[in-house]
Q: 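Pasting a structure here, questions to come.
For ligands, and for the atoms within them, numbers begin at 1 and follow the listed sequence. All of these numbers come straight from a predicted model, not from anything done at the bench. Only this structure's heavy atoms are used, side chains among them; waters, hydrogens and symmetry mates stay out.
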Amino acid sequence: MSERPRLTVLSGPSGVGKSTVVAHMRKEHPEVWLSVSATTRKPRPGEQHGVHYFFVTDDEMDKLIANGELLEWAEFAGNRYGTPRAAVLEHLEAGVPVLLEIDLQGARQVRESMPEAQLVFLAPPSWEELVRRLTGRGTEPPEVIERRLEAARIELAAEPEFDATLVNTSVEDVARELLALTDVV
Ligand code: ADP
Ligand code: 5GP
């Protein structure tokens with residue numbers, strides 16, 4: 001059988017370091033394509049439309065969902081997020097490895113619709129460290145941090161559903177391990 005590019009899904013609790021690890025990996029290996037999600041969340045300082053997310057209104061998100069344009073979507077801590085389907089399929093068909101950075105609900109949907117996808121869980125070294133990172137990032141008010149930590153307990157309990165777990169102690173080490181997993185199969 002010929003080699004085909006891999007679809008890799010990276011999930012893990014908010015604040016564990018998913019964006020940091022992915023950015024580190026892609027700085028050295030831009031050949032791994034990262035899907036840009038649509039979200040109804042407001043941009044954080046420095047986040048750019050079309051780069052970090054497609055920032056959309058509630059109406060626009062309704063339309064994306066109704067038109068079947070999302071491979072998966074979920075509500076997370078009060079906002080909706082979804083993966084545009086066409087770009088993912090185009091990259092896979094062109095032989096490019098694809099990475100999705102999405103929440104647990106989205107990972108479960110991808111597992112259903114694309115069972116060949118590889119699901120990778122990014123875990124914190126400890127609960128205390130997760131709280132420290134999420135709080136230390138300083139991007140969310142306390143009540144939003146609370147909602148994200150509530151979601152984190154559920155996400156951590158789902159770790160056995162994943163094909164591989166990486167513990168984010170060192171960004172460099174995890175980025176290397178993730179790169180090895182995103183290669184062709
Ligand atoms: P996520 O994308 O999972 O929500 P971020 O990438 O925004 O998480 O990381 C959350 C915070 O943790 C950031 O302030 C980031 O700099 C920090 N961080 C990420 N990885 C590590 C690590 N291995 N050690 C220490 N701090 C980290
Ligand atoms: P944040 O608001 O911190 O950028 O993201 C919050 C959560 O939403 C994270 O767990 C992130 O992985 C997830 N997320 C980002 N994009 C998508 C997406 O397209 N679909 C799903 N299901 N989750 C996403």
Side-chain angles (χ1 to χ4, degrees), residues 7-27 33-56 60-61 64-65 69-88 98-114 117 119-141 144-156 158-159 162 165-178:
L7 173 60
T8 306
V9 174
L10 182 67
S11 289
S14 180
V16 72
K18 299 181 296 298
S19 308
T20 306
V21 167
V22 168
H24 190 83
M25 184 191 83
R26 293 191 71 245
K27 206 164 64 182
W33 184 74
L34 175 67
S35 164
V36 180
S37 298
T39 183
T40 57
R41 169 166 79 60
K42 298 286 169 279
R44 294 180 185 134
E47 282 185 334
Q48 291 167 268
H49 183 79
V51 177
H52 300 92
Y53 280 107
F54 296 108
F55 295 99
V56 299
E60 288 167 335
M61 185 62 93
L64 289 173
I65 295 167
E69 289 181 53
L70 301 179
L71 180 63
E72 61 73 36
W73 70 274
E75 182 162 341
F76 180 89
N79 294 297
R80 285 183 291 170
Y81 300 78
T83 304
R85 183 197 305 275
V88 169
V98 169
L99 181 61
L100 308 184
E101 194 214 300
I102 61 177
D103 87 324
L104 170 66
Q105 306 164 76
R108 285 174 171 160
Q109 291 172 48
V110 173
R111 166 131 288 166
E112 286 295 310
S113 61
M114 301 177 86
L119 270 51
V120 180
F121 189 80
L122 190 62
S126 67
W127 176 260
E128 291 70 28
E129 177 61 16
L130 178 67
V131 175
R132 222 178 349 259
R133 286 184 193 172
L134 188 54
T135 314
R137 188 169 69 189
T139 48
E140 279 87 18
V144 176
I145 290 180
E146 245 351 279
R147 290 184 81 167
R148 285 174 177 247
L149 287 174
E150 253 171 59
R153 290 198 184 278
I154 296 167
E155 300 215 294
L156 287 171
E159 190 239 296
F162 287 73
T165 295
L166 305 177
V167 179
N168 184 14
T169 305
S170 146
V171 173
E172 289 74 19
D173 289 352
V174 174
R176 202 174 316 114
E177 290 161 4
L178 181 61

Q: Around atom 20 (N) of ligand 2, find the nearest protein heavy atom and jot down its residue, atom name and distance.
A: Glu72 OE2, 2.7 Å
Q: Is it the case that ligand 2 has an N or O less than 3.5 angstrom from some N or O of Glu155?
A: no
Q: Do any nitrogen or oxygen atoms of Glu140 lie less than 3.5 angstrom from nitrogen or oxygen atoms of ligand 2?
A: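 The answer is no, given that Glu140 and ligand 2 share no N or O pair closer than 3.5 Å.
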Q: Could you pull out, from Gln105, Lys18, Glu75, the option with a heavy atom nearest to atom 9 (C) of ligand 2?
A: Lys18
Q: Find all atoms of ligand 1 within a distance of less than 4.0 Å from any non-hydrogen atom belonging to Ser19, and give their numbers and elements.
A: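 Those atoms are 2 (O), 6 (O).
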Q: Give the atoms of ligand 1, by number and element, whose distance to some non-hydrogen atom of Pro13 is under 4.0 Å.
A: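 What qualifies from ligand 1 is 3 (O).
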Q: Do any nitrogen or oxygen atoms of Glu47 lie less than 3.5 angstrom from nitrogen or oxygen atoms of ligand 2?
A: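 It does not: no N or O of Glu47 is found under 3.5 Å from an N or O of ligand 2.
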Q: Check whether any N or O atom of Gly82, backbone or side chain, sits under 3.5 Å from an N or O atom of ligand 2, and answer yes or no.
A: yes
Q: Short list, please: which atoms of ligand 1 are under 4.0 Å from a heavy atom of Lys18?
A: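 With Lys18 as reference, the close atoms of ligand 1 come out as 1 (P), 2 (O), 3 (O), 4 (O), 6 (O), 8 (O).
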Q: Work out whether the distance between some heavy atom of Gly138 and some atom of ligand 1 is less than 4.0 Å.
A: no
Q: Could you tell me which atoms of ligand 2, counted from 1 in the order shown, lie closer than 4.0 angstrom to a heavy atom of Ala74?
A: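 With Ala74 as reference, the close atoms of ligand 2 come out as 22 (N).
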Q: If you have a sec, work out which protein heavy atom is nearest atom 15 (C) of ligand 2 and how many Å separate them, to one decimal?
A: Tyr53 OH, 3.2 Å
Q: With backbone taken as N, CA, C and O and side chain as the heavy atoms from C-beta onward, which portion of Thr169 lies under 4.0 Å from ligand 1: side chain, backbone, both, or neither?
A: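 For Thr169, only backbone atoms sit under 4.0 Å from ligand 1.
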Q: Using a heavy-atom cut-off of under 4.0 Å, does the side chain or the backbone of Phe76 touch ligand 2, or both, or neither?
A: side chain
Q: Heavy atom under 4.0 Å from ligand 2: found in Gln109's side chain, backbone, both, or neither?
A: neither
Q: When you measure from atom 13 (C) of ligand 2 to every protein heavy atom, which one gives the shortest distance, and what is it?
A: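 I find the closest protein heavy atom is Asp103 N, 3.7 Å.
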Q: Between Gly15 and ligand 1, is there a nitrogen or oxygen pair with a distance under 3.5 Å?
A: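 N/O-N/O distance under 3.5 Å: yes.
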Q: Please tell me if the side chains of Leu130 and Val16 come closer than 4.5 Å, counting only heavy atoms from C-beta onward.
A: yes
Q: Of the protein's non-hydrogen atoms, which lies at the shortest distance from atom 16 (N) of ligand 2, and what is that distance?
A: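 Checked against all protein heavy atoms, atom 16 (N) of ligand 2 sits closest to Ser37 OG, 3.1 Å.
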Q: What atoms in ligand 1 come closer than 4.0 Å to a heavy atom of Val171?
A: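 What qualifies from ligand 1 is 20 (N), 21 (C), 22 (C), 23 (N).
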Q: Below 4.0 Å from any atom of ligand 2, is there a heavy atom belonging to Arg44?
A: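 Yes, Arg44 has a heavy atom closer than 4.0 Å to ligand 2.
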Q: Give the numbers and elements of all ligand 2 atoms closer than 4.0 Å to a heavy atom of Gly106.
A: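 Heavy-atom distances to Gly106 below 4.0 Å select 22 (N).
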Q: Describe, in one word, how the ring planes of Phe55 and His49 are oriented to each other, choosing from parallel (under 30°), tilted (30 to 60°) and perpendicular (over 60°).
A: tilted
Q: Taking only heavy atoms of Arg41, which atoms of ligand 2 are found under 4.0 Å from at least one of them?
A: 1 (P), 2 (O), 4 (O)
Q: Looking at Arg44 and Glu140, is any side-chain nitrogen of the basic one under 4.0 Å from a carboxylate oxygen of the acidic one?
A: yes
